[in-house]
Amino acid sequence: LIMINTNEYGKIEVSNKAINDIADLALDSIDEVYPYKKENNCVCSFKDDELRVTVLIKVKQGCDVVKKCNLLQSKIKEAIAGMTGIECKSVDIDIQGFVTEK
């Protein structure tokens with residue numbers, strides 16, 4: 001769990017599952033980029049007050065991989081900050097394979 005805030009009513013925490021869900025939403029918004037598996041495509045670590053995320057993906061064969069990955073990094077970072085207020089230190093993309101058209 002990642003602590004966001006503590007106030008007079010209690011504390012607010014975000015689970016790794018919630019971060020994974022946010023990353024999946026960003027992933028779904030980009031064409032030609034696909035989750036590697038159905039669930040848990042995102043590995044989160046929170047160390048020294050810094051969130052680091054690694055996302056496992058597949059990409060469509062023949063697409064501009066660097067462009068798609070840069071866009072995905074940006075979308076995930078923006079989505080996490082926008083939904084939780086947590087600044088993500090890094091978003092690493094791990095390409096696990098390619099998807100070909102049949």
Side-chain angles (χ1 to χ4, degrees):
L1 292 174
I2 301 164
M3 177 72 69
I4 294 179
N5 191 13
T6 302
N7 59 36
E8 68 270 15
Y9 303 113
K11 60 186 173 183
I12 301 171
E13 297 177 330
V14 177
S15 70
N16 287 348
K17 171 76 169 101
I19 298 294
N20 193 4
D21 289 347
I22 294 169
D24 280 345
L25 289 171
L27 179 65
D28 288 343
S29 73
I30 301 173
D31 61 335
E32 301 180 319
V33 178
Y34 310 96
Y36 175 61
K37 49 190 178 176
K38 289 187 184 241
E39 293 183 359
N40 300 322
N41 291 294
C42 179
V43 178
C44 306
S45 66
F46 196 74
K47 185 176 177 185
D48 300 327
D49 293 331
E50 293 181 339
L51 175 62
R52 297 175 186 275
V53 175
T54 300
V55 181
L56 308 175
I57 65 166
K58 294 186 285 187
V59 294
K60 182 179 176 186
Q61 186 174 356
C63 77
D64 185 338
V65 174
V66 173
K67 181 179 176 182
K68 295 293 181 177
C69 289
N70 286 336
L71 180 60
L72 180 58
Q73 286 174 313
S74 176
K75 292 265 189 185
I76 290 172
K77 199 168 183 171
E78 289 172 10
I80 290 171
M83 295 177 93
T84 66
I86 298 170
E87 185 67 32
C88 189
K89 177 68 176 175
S90 69
V91 177
D92 298 324
I93 307 297
D94 188 345
I95 301 168
Q96 296 288 309
F98 293 90
V99 175
T100 57
E101 297 232 17
K102 294 183 179 185

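Given the structure is predicted, the values throughout are model-derived calculations rather than measurements.
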Quiz item: Closest heavy-atom contact between C63 and V59?
Solution: SG-CB, 4.1 Å

Self-check item: Partner residues of Q61 under the side-chain hydrogen bond (donor to acceptor under 3.5 Å, both in side chains) criterion, sequence neighbours left out
Solution: none

Self-check item: Cluster check L72, F98: I/L/V/M/F/W/Y, side chain < 4.5 angstrom
Solution: yes

Self-check item: Spatial distance of atom CG (L51) from atom OG (S45) [nearest 0.5 Å]
Solution: 7.0 Å

Quiz item: Do V55 and L25 belong to the same hydrophobic cluster, where Ile, Leu, Val, Met, Phe, Trp and Tyr are linked whenever their side-chain heavy atoms lie under 4.5 Å apart, directly or via other members?
Solution: yes

Quiz prompt | 4.5 Å side-chain heavy-atom contact, Y36 and I57 | solution = no

Quiz prompt | Hydrophobic cluster membership, I12 vs I19, 4.5 Å side-chain cutoff | solution = yes

Quiz item: Going by the salt bridge (charged side-chain N to carboxylate O under 4.0 Å, His left out) test, which pairs reach into residues 81-98, not counting sequence neighbours?
Solution: none

Quiz item: Pairs in or reaching into residues 8-17: which pass side chain to side chain donor-acceptor pair (under 3.5 Å), with residues at least two apart or in two chains?
Solution: K17-D21

Quiz item: Hydrophobic clusters join Ile, Leu, Val, Met, Phe, Trp and Tyr when side-chain heavy atoms are under 4.5 Å apart, directly or via other members; which others share one with V43?
Solution: none

Quiz item: Which pair of heavy atoms, one from L27 and one from Y34, lies closest together, and at what distance?
Solution: CD2-C, 4.0 Å

Quiz item: Among the clusters formed by ILVMFWY side chains lying less than 4.5 Å apart, do V33 and L56 turn up in the same one?
Solution: no

Would you list the atom pairs, donor with acceptor, under 3.5 Å between side chains in residues 74-86 and any protein atom, with sequence neighbours excluded?
unit_1: S74; atom_1: OG; unit_2: E78; atom_2: OE2; d: 3.2
unit_1: K77; atom_1: NZ; unit_2: C88; atom_2: O; d: 3.3
unit_1: T84; atom_1: OG1; unit_2: I80; atom_2: O; d: 2.6
unit_1: T84; atom_1: OG1; unit_2: I86; atom_2: N; d: 3.1

Quiz prompt | Hydrophobic cluster of V66, others only, ordered by chain and residue number, side-chain cut-off 4.5 Å | solution = none

Quiz item: Do you know which two heavy atoms are closest between V14 and A18, and how far apart they sit?
Solution: CG1-CB, 3.6 Å

Practice problem: Go through the structure and list residues passing side-chain hydrogen bond (donor to acceptor under 3.5 Å, both in side chains) with D31, not counting sequence neighbours. | Solution: K68

Quiz prompt | Residues Q73, N70; criterion side-chain contact (heavy atoms from CB on, under 4.5 Å); working and verdict | solution = CA-CA 5 Å; Q73 286 174 313; N70 286 336; 3.5 Å; yes

Quiz item: Quick one: side-chain hydrogen bond (donor to acceptor under 3.5 Å, both in side chains) partners of N41, sequence neighbours excluded?
Solution: none

